[in-house]
**Student:** 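Structure provided below as structure tokens; questions to follow.
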Amino acid sequence: FTGIGVYSQVSVSATAGTTTGSYATVNAAFTAINAGTHQGAIVITVTGSTTEPATPVALLRSATPSSYTSILLTASGNATINSAATPTASRGVIELSGADNVTIDGDDLATPGSRNLSIIVATNASTGTAAIRLASNSTTGLDGADNNTVKNCIIVGGRNSATSTVTNYGINMSNATAIATGAYSSLNTIIENNLITRAYHGVWANGASATYPNTGLIIRNNVIGSSVSADNIGNRGILVSFSAVTTGGALIQGNDIRVGDYGTTGYSASIAGIEVGSSNFGISILR
């Protein structure tokens, strides 16, 4: 006998619609959710190593034909979500585009307190690649990526040398129209207890304008950067802009941040552990 085995590294369970499913990639699971195949409270579990498509499928908000109340993306054991060898410029390996109530939690509950899920961008020279992109999908503030959490993950950007000045990101907040355009009213984002390395910008929490601030932002207890030169953060550990105008300023707390070139020649560009941009009324930076 000869046998052919089909191995699916991503499993889906849901409380409505088709209640179970198996996929080769997280992007394939997103495609099914966008189509309304899986509905209700959805859990996506990565059990091995995936290679995501070069051009990602963004998870959209819950609206016909999709119908979900929450989504949890997590790992069983140690698992890795990889980009294609040459990811598409200005896109993320995992993208939420106006999607709400999504939690990306890399802690396998069987071994609590661990970072079991890695999201890795292949080293590349393309501009604007990101491991995770949290994007609003409107310029009117009506379709922000709201109530989303990224925690307990190992996030590795696509920076291809310790001195590269090509713009890329670990976690990027933007608008779906362009990765360099700030998000319009993406509310209540939590980025917590992640290890973020090998990116030009670690966390790019960029808002679009004072009219549509990203209130409720929390960036807490992350390790951003490394003492290993090849894994460093090149330019900014955290950038925050347009998080609040009159209330709801961002909380940045308990982060360990290393930025710049650890070689003997230093780094020629202006660098910042934390850069506070425009419209951050009441921002708190602690510990």
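Everything quoted here is computed from the prediction, not taken from an experiment.
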**Student:** Start with the C-alpha gap between T55 and T88, add the side-chain angles, then the distance that decides, and say whether side chain to side chain donor-acceptor pair (under 3.5 Å) holds.
**Tutor:** CA-CA 5 Å; T55 301; T88 301; 2.8 Å; yes
**Student:** Please name the residue in the list N147, I94, N148 that meets the side chain to side chain contact (heavy atoms under 4.5 Å, CB included) test with V102.
**Tutor:** N148
**Student:** Are the side chain of S226 and the backbone N or O of V228 linked by a donor-acceptor pair below 3.5 Å?
**Tutor:** yes
**Student:** Taking all atoms of both residues into account, what is the closest heavy-atom pair of N206 and S241, and its distance?
**Tutor:** OD1-OG, 2.7 Å
**Student:** Do T37 and T18 pair up side chain to side chain, a donor and an acceptor below 3.5 Å, judged on atom types alone?
**Tutor:** no
**Student:** Report the distance from atom CZ of F242 to atom OH of Y184, rounding to the nearest 0.5 Å.
**Tutor:** 10.0 Å
**Student:** Any link between I42 and V150 through a network of hydrophobic side chains (Ile, Leu, Val, Met, Phe, Trp, Tyr) touching at under 4.5 Å?
**Tutor:** yes
**Student:** Are any side-chain N or O atoms of R198 and backbone N or O atoms of I155, one a donor and one an acceptor, separated by less than 3.5 Å?
**Tutor:** no
**Student:** Which value, rounded to the nearest 0.5 Å, describes the distance between I104 atom CD1 and I81 atom CD1?
**Tutor:** 7.5 Å
**Student:** Strictly by ring-ring contact (aromatic ring centres under 6.0 Å, His included), give each pair with a member in residues 127-167 just once, sequence neighbours left out.
**Tutor:** none
**Student:** Taking it one step at a time, do T50 and N82 satisfy side chain to side chain donor-acceptor pair (under 3.5 Å)?
**Tutor:** CA-CA 6 Å; T50 75; N82 294 290; 5.5 Å; no
**Student:** Compute whether any side-chain donor of one residue and acceptor of the other, for T103 and D105, lie under 3.5 angstrom apart.
**Tutor:** no
**Student:** Could you tell me which non-hydrogen atom of A176 sits nearest to which non-hydrogen atom of A135, and how far apart they are?
**Tutor:** N-CB, 3.8 Å
**Student:** If you look at every heavy atom in T215 and T247, which pair is closest and at what distance?
**Tutor:** CG2-O, 3.9 Å
**Student:** Donor-acceptor pairs are to be reported for all side-chain atoms of residues 118-128 against protein atoms at under 3.5 Å, with residues two or more places apart or in another chain.
**Tutor:**
from	atom 1	to	atom 2	distance (Å)
N124	OD1	S126	N	2.8
N124	ND2	A122	O	2.8

**Student:** Taking the basic N atoms (NZ, or NE/NH1/NH2) and the acidic carboxylate oxygens, is any pair closer than 4.0 Å for D107 and K151?
**Tutor:** no
**Student:** To the nearest 0.5 Å, tell me how far L72 CG sits from I44 CD1.
**Tutor:** 8.5 Å
**Student:** Could you give the distance from CG (N280) to CD1 (I285), rounded to the nearest 0.5 Å?
**Tutor:** 8.5 Å
**Student:** How close do S62 and S67 get, heavy atom to heavy atom, and via which atoms?
**Tutor:** OG-CA, 3.3 Å
**Student:** Restricting to side chain to side chain contact (heavy atoms under 4.5 Å, CB included), what partner residues turn up for S209, sequence neighbours left out?
**Tutor:** T211, Y212
**Student:** According to side chain to side chain contact (heavy atoms under 4.5 Å, CB included), who are the partners of A41, at least two apart in sequence or on a separate chain?
**Tutor:** T15, T69, S70
**Student:** Kindly write out the residues that satisfy side chain to side chain contact (heavy atoms under 4.5 Å, CB included) with P56, not counting sequence neighbours, or none if the list is empty.
**Tutor:** N27, R91, E95
**Student:** How does the hydrophobic cluster around L286 look, that is, which other residues are in it when side-chain heavy atoms under 4.5 Å mark a link?
**Tutor:** I190, I218, L251
**Student:** Taking all heavy atoms of V10 and all of A29, pick out the closest pair and write down the distance.
**Tutor:** CG1-CB, 4.2 Å
**Student:** Among L59, N188, D146, I71, which residue satisfies the side chain to side chain contact (heavy atoms under 4.5 Å, CB included) criterion with D100?
**Tutor:** D146
**Student:** What closest approach, in Å, do A178 and R133 show between heavy atoms, and which atom pair accounts for it?
**Tutor:** C-NH2, 3.4 Å
**Student:** Would you compute the distance between atom CE of M173 and atom CD1 of I132 and round it to the nearest 0.5 angstrom?
**Tutor:** 12.5 Å
**Student:** State, yes or no, whether a side-chain contact exists between I283 and V240 at a heavy-atom distance under 4.5 Å.
**Tutor:** yes
**Student:** Answer yes or no: is there a donor N or O on one side and an acceptor on the other, between the side chain of R159 and the main chain of S164, under 3.5 Å?
**Tutor:** yes
**Student:** How would you list all residue pairs meeting salt bridge (charged side-chain N to carboxylate O under 4.0 Å, His left out) that involve residues 215-233, not counting sequence neighbours?
**Tutor:** E192-R220
**Student:** Can you confirm whether the side chains of S66 and N34 place a donor and an acceptor under 3.5 Å from each other?
**Tutor:** no
**Student:** Would Y23 and H38 satisfy ring pair (Phe, Tyr, Trp, His ring centres under 6.0 Å), going step by step from the backbone distance to the final call?
**Tutor:** CA-CA 13 Å; Y23 302 93; H38 309 292; 5.8 Å; yes
**Student:** Are the side chain of N222 and the backbone of I224 linked by a donor-acceptor contact shorter than 3.5 Å?
**Tutor:** no
**Student:** Any ring-ring contact (aromatic ring centres under 6.0 Å, His included) involving residues 141-170? Give me the pairs, sequence neighbours left out, ordered by first then second residue.
**Tutor:** Y169-H201, Y169-W204
**Student:** Give the other cluster members for L60, using side-chain heavy-atom distances under 4.5 Å between Ile, Leu, Val, Met, Phe, Trp and Tyr residues; answer none if it is isolated.
**Tutor:** none
**Student:** Give every residue pair that meets the salt bridge (charged side-chain N to carboxylate O under 4.0 Å, His left out) criterion with at least one member in residues 13-37, sequence neighbours excluded.
**Tutor:** none
**Student:** Supply the atom-to-atom distance C153 SG to L117 CG, rounded to the nearest 0.5 angstrom.
**Tutor:** 4.5 Å
**Student:** Quick one: which of S185, S97, S186, S174 gives a side chain to side chain contact (heavy atoms under 4.5 Å, CB included) with S136?
**Tutor:** S186
**Student:** Can you sort out the partners of N193 under side chain to side chain contact (heavy atoms under 4.5 Å, CB included), two or more places apart, ordered by chain and number?
**Tutor:** R115, N152
**Student:** Considering the options I233, V166, T165, which one meets the side chain to side chain contact (heavy atoms under 4.5 Å, CB included) requirement together with Y200?
**Tutor:** T165
**Student:** Sort and list the pairs that fulfil ring-ring contact (aromatic ring centres under 6.0 Å, His included) and have at least one residue in residues 46-99, not counting sequence neighbours.
**Tutor:** none
**Student:** Ignoring hydrogens and geometry, is there a side-chain-to-backbone donor-acceptor pair from N194 to I196 under 3.5 Å?
**Tutor:** no
**Student:** So, the side chain of N116 versus the backbone of D108: is there a donor-acceptor pair under 3.5 Å, distance only?
**Tutor:** yes
